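Here the structure comes first, spelled out in structure tokens, and everything after it is commentary.
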Amino acid sequence: MAGLMVAPQSAFAMDNGPPDPIPVQSYSALPFLYSPVLSPNGKKIAVLVTKGDEKLIGIIDLAAPADGNLRYYSIGKNKINWFHWAGDNQLLMSFGSVRNLIFFVFSSNSLKRLDLETSEVLALNEKSELEKDKIIFQDQTGRYIIAYQYRRGKPYAVRISLEDASEVVIEKPRHQIDQWLTDTAGNIRAGINYSKKRWRLFYREEPGAKLVKIENRRYDSFEDGVVEDLLFVPETGQTIILTNGKNGRFGAYNYSIREDIIGDAIYEHPTADVTRLVINPNKKLLGVEFDAEKPGQKWLVPELEDLYQRINRVFKSKQNRILGTSNDRQVVLFWSGSGSDPGSYYLYYPRLKKIEQVLIPFDKIDPADMAPMEPVKYQSRDGHMIPAYLTMPKGQTHKNLPTVIMPHGGPFMRTSWEFDPWAQLLANRGYAVLQPNFRGSTGYGRDYVEKGYDQWGTGMIDDIDDGVDWMIAQGIADENRVCIMGASYGGYAALWSTIRQPEKYKCAISLNGVTDVRAMLKYDRKQFAARRYARKWEEKVAGEEKKDLEAISPVQQAARMRVPVLIAQGEKDTNVPRKHADDFIEALNDAGFNKFEKIYFPKSGHDFANTEESTNFLKKSLQFLAKHNPTSINNDPQAEDLKIEVKVETKDEKLSEEES
């Protein structure tokens, strides 16, 4: 693209041998600024800001001098779910709170509006009995929103004023309706009912008309399918459906309501789900996002697709993602990164043919020093192809390497082609890292997800173990130098894999890992199903309670542990409570097993609360790996980042780093 000016970027150096060990803090630092959102007029950017343990909303004034263009607004201690603009001078924000009630977890959300001119924060749903919230329409003038909120399990639609938080219920809860949908003018035009693995549509031809049940005749094509969204475009009569009911993968299609026919594909990916419809506040479909071997976007508006392809031509071999544009599309906010680049945020000015780098979340990372992350596939023992990502150390022969297997959490989630600081740190220290998307991983369609049901401690773990065998067969991994490391379900997998097959692994590291499967099922059933793929997801886990879950629970099988293990836990974790770590440590002690180390993080929950605790975990993990699965790099006496003292504090005692 002739004449396009690009702000300076880091130069990619030639691979001239193993890079020097990079300080752990470069990988563990939490980003100072992240999740930017461009204002409608393109003059401001709203971002989340990390300052120590505190989270803030930051507003960047793009017209102000760089040394004074950031203004902060406190958002309190609750977790922020999302935020976006409602006009040029106010933000809508959703906050989540979680109560740990021992036997289950209760979460609720609250909506707030921030006025940037007065700094006033207005609570929008204080009078509502909320379990969750979802905005389904936003007035472009910034006067009101329409949200549906849940009462006794059923949604009702309410118009909420952004001026004084007054509410008007426009659709009462109905026992048949599980989901409300609006048209592009904000009129409630439909409701969806899910029952008996089928969905039914209640539809009104025009605003104010009676809702009429559409007698669907083609249920077989929607057997256990999900309608995630319907877009009504009154001016054209078009209806667009986002569903996995046609072939198991989510895609966007034209849809005939009266004939109950999914028509031509607006966009479907041959192997991956459409992860999101990109819709403007007026509910016009602009494009789609998908997560295949590498994530991508497809813009359905020619002007946006042209802008996207221009960016791709400049930032080749990168994952580029348009995050938003000004109303006149003369300011484009986008992100560019890759599996070896944590990425930066840029502003593109098409008329000026100019790109500016505006935010660098991880300024201590030089992509030239990072290792390539490549998508791979291997065959499971029962004949399925398992997608995975492989990160290899730079400047070394890729034969007989010490290896770390890193399964993802969830388990109904996935690893994507994106910068992973843990994998990059380990590769920098000489390890090959395999991240398998075992059966049940999302993004590959319903069939692949459903292969993971009832497979917590069996088929999912088989797929992980088969990844070890594949690495050895390829000559990449030294069969005597393989460890496993993960968080949440990945932490469970690290513990259970080594209990099942101790001969396969040298050590294990578990962060916030589930240790008692039955207790976890009682506490939070959502972890046992992929809710996006089946609205009646509860039915998918109904049979779990009848199984012998103790047979796949590390805490009940602790006496079988033979492999050194590091147990790490956030004190404030409400996803996987601290009791899982405490009970497992007690069970190991009762079994007389002393090859374990433990570290607790008093300020962190399921995610790290600050850079200090994130750094301590990674340093401790490197020390543990150097002890049980060393490389030539992490045995280097000059590796100063390994010379630390980690103080571990529990409720009752203080422990040194080596005590177990």
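Just the heavy atoms: all of them, side chains too, but no hydrogens, waters or symmetry mates, feed the values below. Computed from a predicted structure; not experimentally measured.
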Restricting to side-chain contact (heavy atoms from CB on, under 4.5 Å), what partner residues turn up for [X], sequence neighbours left out?
| X | value |
| --- | --- |
| Ile360 | Ser344, Gln357, Asp363 |
| Gln90 | Ala86, Arg113, Leu162 |
| Asn69 | Ile60, Ala64 |

message: In the structure I gave you, are the side-chain heavy atoms of Lys284 and Ile279 within less than 4.5 Å of one another anywhere?
response: no
task: Please work out which of the three classes, parallel, tilted or perpendicular, describes the rings of Phe419 and Phe362, given edges at 30° and 60°.
output: tilted
message: Angle between ring planes, Tyr267 versus Phe290, binned at 30° and 60°: parallel, tilted or perpendicular?
response: parallel
- request: Cation-pi check, Arg532 to Phe250: give yes when NZ or CZ is under 6.0 Å from the six-membered ring centre and within 45° of the ring axis, no otherwise.
  value: yes
- prompt: Relative to Tyr533, does Arg446 satisfy both conditions: NZ or CZ under 6.0 angstrom from the six-membered ring centre, and within 45 degrees of the ring's axis?
  reply: no
- prompt: salt bridge (charged side-chain N to carboxylate O under 4.0 Å, His left out): which pairs involve residues 323-336, sequence neighbours left out?
  reply: Glu303-Arg329
Exercise: do [X] and [Y] side chains pair donor with acceptor under 3.5 Å:
| X | Y | result |
| --- | --- | --- |
| Tyr346 | Glu356 | no |
| Gln297 | Trp299 | yes |
| Glu268 | Asn247 | yes |
| Asp291 | Thr275 | no |

Flag the pair [X] and [Y] as a salt bridge only when some basic side-chain nitrogen lies within less than 4.0 angstrom of an acidic carboxylate oxygen.
| X | Y | value |
| --- | --- | --- |
| Asp61 | Arg71 | no |
| Glu206 | Arg204 | no |
| Asp306 | Arg310 | yes |
| Glu450 | Arg439 | no |

- prompt: Got a sec, which residues hit ring-ring contact (aromatic ring centres under 6.0 Å, His included) with Phe202, two or more places apart in sequence or on another chain?
  reply: none
query: What pairs with Tyr27 under ring-ring contact (aromatic ring centres under 6.0 Å, His included), at least two apart in sequence or on another chain?
result: none
statement: Taking every heavy atom of Asp88 against every heavy atom of Lys44, the minimum-distance pair comes out as O-NZ, 3.9 Å
query: Under the criterion ring-ring contact (aromatic ring centres under 6.0 Å, His included), which of Tyr444, Tyr489, Tyr448 is the partner of Phe438?
result: Tyr489
message: For Tyr255 together with Phe232, are the ring centres under 6.0 Å from each other?
response: no
